A.B. asks: 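Quick one: the structure is below, and I'll ask about it shortly.
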Amino acid sequence: MLDLRWIRESPEALDRALGRRGEPPAAARVGALDAERRACQTRFQECRQRRNALSREIGRAKAAGEPADELIAEVSRLKDGERDAEEAERKAAAELDALLEGMPNPPDEDVPDGTDEAGNVELSRTGARPEFDFAPKDHVELGEALGLMDFERAAFLSGARFVVLRGALARLERALAQFMLDVHTEEFGYEEVSPPTLVRSPALFGTGQLPKFEQDLFRTDTGHWLIPTAEVPLTNMAGGRILAEEELPLRFTAFTPCYRSEAGSAGRDTRGMIRQHQFQKVELVSVAHPDASAGEHERMTRAAEAILERLELPWRRVILCTGDMGAAARKTYDLEVWLPGQGAYREISSCSNCGDYQARRMNARFRPSGSKATRFVHTLNGSGLALGRALIALLENGQQADGSVVLPPAIRPYMGGCERLE
RNA sequence: GGAUGGGUGGCAGAGCGGUUGAAUGCACCGGUCUUGAAAACCGGCGUGGGCACAAGUCCACCGCGGGUUCGAAUCCCGCCCCAUCCGCCA
């Protein structure tokens with residue numbers, strides 16, 4: 001949600017921001033609706049003011065025992081005009097709100113311009129890619145050969161885009177979650193949270209998934225939505241609240257399942273575990289002071305990178321261009337892990353600074369100490385990391401010629417000392 | 001699922017249909033007192049918006065939406081949410 005006052009002051013900045021996002025200019029329309037709304041409001045308020053004054057006079061007349069019929073008749077005559085003005089105001093306001101609610105967050109100045117993922121810019125590469133003296137397999141081959149990954153059973157149970165993990169692989173997923181949570185809570189100061197994974201509409205409106213991206217979500221017949229990411233409940237921890245300045249930053253981490261309908265992704269990543277309707281993820285969320293959010297963004301991204309580092313996985317950091325960023329984000333780093341079976345880097349974490357965009361939508365504020373006014377907080381979220389993809393990365397990078405998989409030392413304590421899947 | 005009770009300012013909590021935007025307390029801000037702090041006392045203190053250069057002034061907001069009325073936080077209807085009890089259940 002954008003700040004109407006900001007648009008009023010610098011409409012050209014809005015159109016520039018929208019242009020960078022590949023959206024048509026809207027400042028003129030916003031300005032017109034805003035002016036319309038204000039004109040109607042003024043008209044309405046003048047009517048109402050007259051009516052209020054007359055009503056007060058009626059009260060006084062009645063109290064004094066004087067007749068008030070004449071005044072009452074006059075008030076009745078005023079009503080139609082008032083109703084029209086109010087109706088017109090409401091219409092303009094509704095259209096204006098819908099317009100503002102649908103607009104994406106203006107990108108940060110240092111976000112590169114671009115229309116799609118081809119415009120993303122690689123910032124760094126870390127970790128050595130493994131060298132194989134055989135043709136590396138992908139995780140599907142590896143997992144199925146080990147008898148630990150079963151897509152057929154999953155299809156039998158749930159259809160396409162699901163998987164059944166068994167034995168050591170099921171345990172590996174749990175081990176990874178445990179490992180990530182430990183690092184984030186013990187070393188980066190995140191508070192572990194176990195949130196609901198069914199939420200109501202306002203929570204999803206707050207983070208920006210609703211109303212625009214309803215088709216990406218699953219919904220229950222009780223009207224609840226299955227969360228597409230723990231960003232939703234964690235960020236909403238601050239929703240509707242007025243925090244004390246000293247409470248900032250809030251740092252939350254959670255391990256939850258995530259549900260996505262993948263409505264628009266037919267035919268993409270249909271093989272394996274890359275893109276599923278359901279996957280597990282350890283999420284990071286920070287609620288920060290506006291002056292501190294840029295630094296918090298770097299810090300959060302490093303926390304996610306720390307996981308990759310300890311799992312000895314090769315990755316690169318990419319900054320998303322204006323055309324590839326989510327609507328709520330003002331700046332996003334993607335971490336992409338190397339997958340030998342795909343011969344490509346694939347997203348395993350996405351860390352975004354949303355500025356005050358979500359905070360406005362969910363009314364998340366803080367009170368600067370000594371001030372009576374409130375300000376919107378900044379919200380940030382990042383994967384720390386997606387578990388399915390981390391698991392894939394371990395399989396494909398740790399694979400041996402015989403089809404077994406060597407696990408990195410960092411995860412072994414969580415696997416009861418197990419060093420190798422075979 | 002059934003039955004009650006309830007949703008008012010940052011929080012707690014009043015509010016006969018007519019200057020109630022709303023008592024009171026806490027918190028907060030300023031001041032007096034004090035070597036300093038606390039206490040006590042005095043004063044201030046909701047949000048959003050329109051108009052105005054401004055002082056200011058006006059409008060809206062007591063969960064949400066309708067209705068009754070000249071006038072609604074207060075009466076009526078619908079919806080949402082919360083709490084408690086019962087039933088069911090991991």
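Here the structure is a predicted model, which means the values were calculated and not measured. Residue numbers start from 1 in every chain, and the chains themselves are labelled A, B, ... in the order their sequence lines are given, proteins ahead of strands.
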A.B. asks: Side chains of A:W225 and A:T220: any donor to acceptor distance under 3.5 Å?
C.D. replies: no
A.B. asks: Under the ring pair (Phe, Tyr, Trp, His ring centres under 6.0 Å) test, which residues partner A:Y345, sequence neighbours left out?
C.D. replies: A:W338
A.B. asks: Would you measure the distance from the P atom in B:G49 across to the matching atom in B:C85 and give it in whole Å?
C.D. replies: 43 Å
A.B. asks: Classify the ring geometry of A:F366 against A:H289: parallel below 30°, tilted from 30° to 60°, perpendicular beyond 60°.
C.D. replies: tilted
A.B. asks: Write down the partner of B:G10 under the Watson-Crick or G-U wobble criteria, each distance required to be under 3.5 Å.
C.D. replies: B:C26
A.B. asks: Out of B:C58, B:A60, B:G50, which has the shortest distance to the side chain of A:R37?
C.D. replies: B:G50
A.B. asks: Which one is paired to B:C41, where only Watson-Crick or G-U wobble pairs with both distances under 3.5 angstrom count?
C.D. replies: B:G31
A.B. asks: Validate the cation-pi geometry between A:R310 and A:F179: distance from NZ or CZ to the six-membered ring centre under 6.0 Å, angle to the ring axis within 45°.
C.D. replies: no
A.B. asks: Taking atom P in both B:G5 and B:C58, what distance in whole Å separates the two?
C.D. replies: 41 Å
A.B. asks: If we take the P atom in both B:A55 and B:C51, what is their distance in whole Å?
C.D. replies: 15 Å
A.B. asks: Which nucleotide, in any strand shown, forms a Watson-Crick or G-U wobble pair with B:G65, with both distances under 3.5 Å?
C.D. replies: B:C77
A.B. asks: Just the rounded figure in Å: distance from P of B:U47 to CZ of A:R375.
C.D. replies: 16 Å
A.B. asks: Pick the P atom in B:G65 and in B:U8, then give their distance to the nearest Å.
C.D. replies: 16 Å
A.B. asks: Under a 4.0 Å threshold between the charged nitrogen and the carboxylate oxygen, would A:R317 count as salt-bridged to A:E305?
C.D. replies: yes
A.B. asks: Between P on B:G50 and CG on A:L96, what's the gap in Å once rounded to a whole number?
C.D. replies: 11 Å
A.B. asks: Expressed in whole Å, how much space separates the P atoms belonging to B:C79 and B:U4?
C.D. replies: 15 Å
A.B. asks: Write down the distance separating the C1' atoms in B:C41 and B:C33, rounded off to the nearest Å.
C.D. replies: 9 Å
A.B. asks: Do A:T322 and A:R21 have side-chain N/O donor and acceptor atoms under 3.5 Å apart?
C.D. replies: no
A.B. asks: Are A:N353 and A:S293 linked by a side-chain donor-acceptor pair shorter than 3.5 Å?
C.D. replies: yes
A.B. asks: Looking at A:R200, I'd like to know whether one of its side-chain N or O atoms comes within less than 4.0 Å of OP1 or OP2 on B:C82.
C.D. replies: yes
A.B. asks: Could you check how far CD of A:E87 sits from P of B:G65, rounded to whole Å?
C.D. replies: 13 Å
A.B. asks: Please state how far atom CD in A:Q45 lies from atom C1' in B:C59, giving the value in whole angstrom units.
C.D. replies: 4 Å
A.B. asks: Reckon A:R241 touches a base, only the sugar-phosphate, or nothing at all at heavy-atom distances under 4.0 Å?
C.D. replies: nothing
A.B. asks: For A:R43 and B:G50, give me the distance from atom CZ to atom C1', rounded to whole Å.
C.D. replies: 14 Å
A.B. asks: Name the nucleic acid region contacted by A:R360, choosing base, sugar-phosphate or nothing; use a 4.0 angstrom heavy-atom cut-off, strictly under.
C.D. replies: nothing
A.B. asks: B:G21 pairs with which nucleotide, Watson-Crick or G-U wobble, both distances below 3.5 Å?
C.D. replies: none
A.B. asks: Using whole Å, report how far CZ of A:R50 lies from P of B:C59.
C.D. replies: 12 Å
A.B. asks: Taking the C1' atom in each of B:C16 and B:U74, what is the distance between them to the nearest angstrom?
C.D. replies: 9 Å
A.B. asks: Closest nucleotide of RNA chain B for A:R90 versus for A:R365: which of these residues is on the 5' side?
C.D. replies: A:R365
A.B. asks: What I want to find out is whether A:D269 reaches A:R346 closely enough, with some N-O distance under 4.0 Å, to be called a salt bridge.
C.D. replies: yes
A.B. asks: Does the pair A:E86/A:R90 count as a salt bridge with the N-to-O cut at 4.0 Å?
C.D. replies: yes
A.B. asks: Quick one, give me the B/S/- string for nucleotides 70-76 of chain B, reading 5' to 3', where B means a protein heavy atom under 4.0 Å from the base and S means that only happens at the primed atoms, P, OP1 or OP2.
C.D. replies: BS-----
A.B. asks: Toward the 5' end of RNA chain B, which comes first, A:R38 or A:R367, by nearest nucleotide?
C.D. replies: A:R367
A.B. asks: Both distances under 3.5 Å, Watson-Crick or G-U wobble: report the partner of B:U4, or none.
C.D. replies: B:A83
A.B. asks: Could you tell me the separation between the CD atom of A:E86 and the P atom of B:C58, rounded to a whole number of Å?
C.D. replies: 20 Å
A.B. asks: Check the distance between B:U20's C1' and A:N52's CG and give it to me in whole angstrom.
C.D. replies: 14 Å
A.B. asks: Determine the Euclidean distance between corresponding P atoms of B:C70 and B:A54; express it in Å to zero decimal places.
C.D. replies: 39 Å
A.B. asks: Who is the Watson-Crick or G-U wobble partner of B:G56, with both distances under 3.5 Å?
C.D. replies: B:C51
